[in-house]
Colleague: 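Here it is, the structure, as structure tokens.
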Number of protein chains: 10
Amino acid sequence: MALFYVRMDVDIPLDLDPTVRTETLAREKEYSQELQRAGKWVHIWRVVGQYSNISIFDVESPDELHEILWNLPLFAYMTMEVLPLTGHPSSIA
Amino acid sequence: MALFYVRMDVDIPLDLDPTVRTETLAREKEYSQELQRAGKWVHIWRVVGQYSNISIFDVESPDELHEILWNLPLFAYMTMEVLPLTGHPSSIA
Amino acid sequence: MALFYVRMDVDIPLDLDPTVRTETLAREKEYSQELQRAGKWVHIWRVVGQYSNISIFDVESPDELHEILWNLPLFAYMTMEVLPLTGHPSSIA
Amino acid sequence: MALFYVRMDVDIPLDLDPTVRTETLAREKEYSQELQRAGKWVHIWRVVGQYSNISIFDVESPDELHEILWNLPLFAYMTMEVLPLTGHPSSIA
Amino acid sequence: MALFYVRMDVDIPLDLDPTVRTETLAREKEYSQELQRAGKWVHIWRVVGQYSNISIFDVESPDELHEILWNLPLFAYMTMEVLPLTGHPSSIA
Amino acid sequence: MALFYVRMDVDIPLDLDPTVRTETLAREKEYSQELQRAGKWVHIWRVVGQYSNISIFDVESPDELHEILWNLPLFAYMTMEVLPLTGHPSSIA
Amino acid sequence: MALFYVRMDVDIPLDLDPTVRTETLAREKEYSQELQRAGKWVHIWRVVGQYSNISIFDVESPDELHEILWNLPLFAYMTMEVLPLTGHPSSIA
Amino acid sequence: MALFYVRMDVDIPLDLDPTVRTETLAREKEYSQELQRAGKWVHIWRVVGQYSNISIFDVESPDELHEILWNLPLFAYMTMEVLPLTGHPSSIA
Amino acid sequence: MALFYVRMDVDIPLDLDPTVRTETLAREKEYSQELQRAGKWVHIWRVVGQYSNISIFDVESPDELHEILWNLPLFAYMTMEVLPLTGHPSSIA
Amino acid sequence: MALFYVRMDVDIPLDLDPTVRTETLAREKEYSQELQRAGKWVHIWRVVGQYSNISIFDVESPDELHEILWNLPLFAYMTMEVLPLTGHPSSIA
């Protein structure tokens, strides 16, 4: 089991074809929700005032995380920060 | 209701009196766990390889968050990043 | 009640259609003034020599702030910094 | 008339004599409130989770602002960012 | 009276129409020299090896400085740093 | 299986007791070599001109990596950068 | 013998002709694998969540490394960080 | 003739002996004024809210500038930025 | 006499007309070699893995250096860092 | 043969014993000059206004460069930047 913090900042070019844009966003949402239902993408929050999310992933390995992130429909338009996490000694979870 | 991401980086001076250090760390743990039990400090993870945590707070207001952070026993030894969060449209939560 | 500092830096592409530009700026102004009259956008100042503003928002929650910022007509052309604020112990306000 | 944004980040050495600390903080508060009452220091907010404030000054000139900041009792322990402001065309104030 | 340091870094798009470019540069020069003759733009130096200048302005107020900078013919192609100045105690001027 | 890149920058205080220093460095070396022999710390190189190393770890999980790094005898004197790795599609390994 | 750490961050323009893109990526892979087989490009890993690799080169000299990097089919689309390495005193290799 | 912009940021240790401090500041002032009278240190301004100055030097050569800066009584407590300047084509000076 | 370190980072747009590109690079080379033969551009090295050079100039003055750099055929595609140098007390040159 | 650019920024603690300081500086000078005479340390310049040097080394390998830098008497008080160099195609040297 491997826990990761991922921050994704989205920057879609202003001149992207509107149909491509709409279709890509729909696929991104579906892709994300499928992983949420599978228990891999355990949290996703929007950062206030930013086209960005902060997410927590719970995966088998760094390999699986890369597979997931690399195939995000919005991957080409994103900048990412990835940090491995571990349990905190003060956590009661 | 107000959701916040907080990253805390701890830097305790190397020459801090060991008793003060031990006692402060104990108080920090107790303080954190009390807030976790109260449902205010909803997540805390350790960042791998760092004396740092990434936390999620669920509080009444920015005022309440400041009150909580300012009174952390380790506050004087920490650097913090605070980001307001909101629900993500793709979240199934 | 939740107080926020927001700095917005505007970067409109040089080749944006002049009509779109003019119309977007007019909508931005109207949108901003409506929120000022509603007491949500309590201060807005121009930073000298920059196409930027420093603003103070007084809203119900981070959720409401995000709703406001995300719908700014100029949102796609802006970079933002958002900081939660709280009362200062030295303030006489 | 001259408007300025000032962010002050405070970093008091951990080994400062507690009496000096208490006395300096008291003088800082008194100094700040006197300037607030005189209408020079028009806003002061605490940044959530930081030993920092964001302030707005309304003074005669940059010279007067420097005089005020240089004489802050905590000046030697502060890092500052100073930005001149002007009225925003969208402001209804 | 208000003194300001301004550094302007110019970045004209490589594909700007040559006539527009030539005409804008001519207007910039005329605009700058008019302000120099009026005693507002008291110094302007080129930074060696950069398409940049370091300037000193002596104006009535931050408001007047913003008015001047905002109307620079090259404003849309510039990045600026603005610092308020005051007399130095060691100056013999 | 989980692969990680770790860069460690060492900054031992100049006034550290020479005996403590020597003894800590000896324990660090022994600790590192034990992990190398166990196949966990698979590469370690010195960065030219820096008191730094670039290392590759091959561990069970982020949890195990944190356990290893947190217990480094030099941990209190180090700054670390940790990046999860995965196989590269061009690799022939 | 000379050892180098190289991090390559790839940024292929979104509007690059798909045939050119496919063909360039194929040449890059072939070029990389040839150097791996020759024992010059001794390690290549993908950084999780990034279009980036971390590589180790074992070459005759800085001159040979430059020759190799400059001729990468993707060179024009890459940003690179190059650090010379040397044996680490704790290494058992 | 050689023109230079120099920004000096002063950071005197809080525990410096008060007599040494007073005496060093007096020597700094005298040294600066001598160079101003000699026409070498042609401008010096205080940056508002900072223990910093922005200065213009008019010297024979980079060698002479270094000689001057290196011998500043406060040199050990300063961080400096040095930029060579040249005449600006828009200058009427 | 005035010595300068200059680092030039070249970034030619990917869509520049190939003939313009070839012709500009040829003029750059000729221009550089003429200045090398004149003893003004005393060293030029390529930084490994970068489209960058590190150069040493030996000129009459900052004015002459600016004249040289400003007229580089590649100037519009370069970012530069310029540092004045002086003799080092340990140098045996 | 391997060419390297090295920038060394020196930061000797203000409270270092004056005898140790003088003696260390003398050893540094002797060490540097020995390497200059051996043709390893081929250039050393002082950066104007900084306690820094920019140097060029011509060594057998990165290993030899590390050996040289690591044994600098001032090593513990220095921050370094190391860049491998190669011949420039425009160089007439």
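The chains referred to below are lettered A, B, ... by the order of the sequence lines, with proteins before strands, and numbering in each begins at 1.
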Colleague: For E:L83, which atoms come within 4.5 Å of any heavy atom of chain H: side chain, backbone, both, or neither?
Modeller: side chain

Colleague: Can you list the residues of residues 13-35 of chain H that sit under 4.5 Å from chain E, counting heavy atoms only?
Modeller: H:K29, H:S32, H:Q33

Colleague: Chain H heavy atoms under 4.5 Å from E:I54: which part of the residue, side chain, backbone, both or neither?
Modeller: side chain

Colleague: For chain H, find which of E:S52, E:G49, E:A93, E:P89 contributes the most heavy-atom pairs closer than 4.5 angstrom.
Modeller: E:P89

Colleague: Quick one: pull up NE2 in E:H43 and NE2 in H:H88 and give me the separation to the nearest 0.5 Å.
Modeller: 14.5 Å

Colleague: Would you say CG of H:D9 has more than 12 non-hydrogen atoms from neighbouring residues, nucleotides or ligands within 6.0 angstrom?
Modeller: yes

Colleague: Say you draw a straight line from OG of H:S90 to CH2 of E:W41; how long is it, rounded to the nearest 0.5 Å?
Modeller: 7.5 Å

Colleague: Considering only heavy atoms from C-beta outward, does the side chain of H:R46 approach that of E:L85 to under 4.5 Å?
Modeller: no

Colleague: Using side-chain heavy atoms (C-beta onward) and a distance below 4.5 Å, is H:L3 in contact with E:W45?
Modeller: yes

Colleague: Name the member of E:V48, E:N53, E:I56 that forms the most heavy-atom pairs with chain H at distances under 4.5 Å.
Modeller: E:V48

Colleague: For chain E, which residues from residues 58-82 of chain H lie under 4.5 Å away (heavy-atom distances)?
Modeller: none

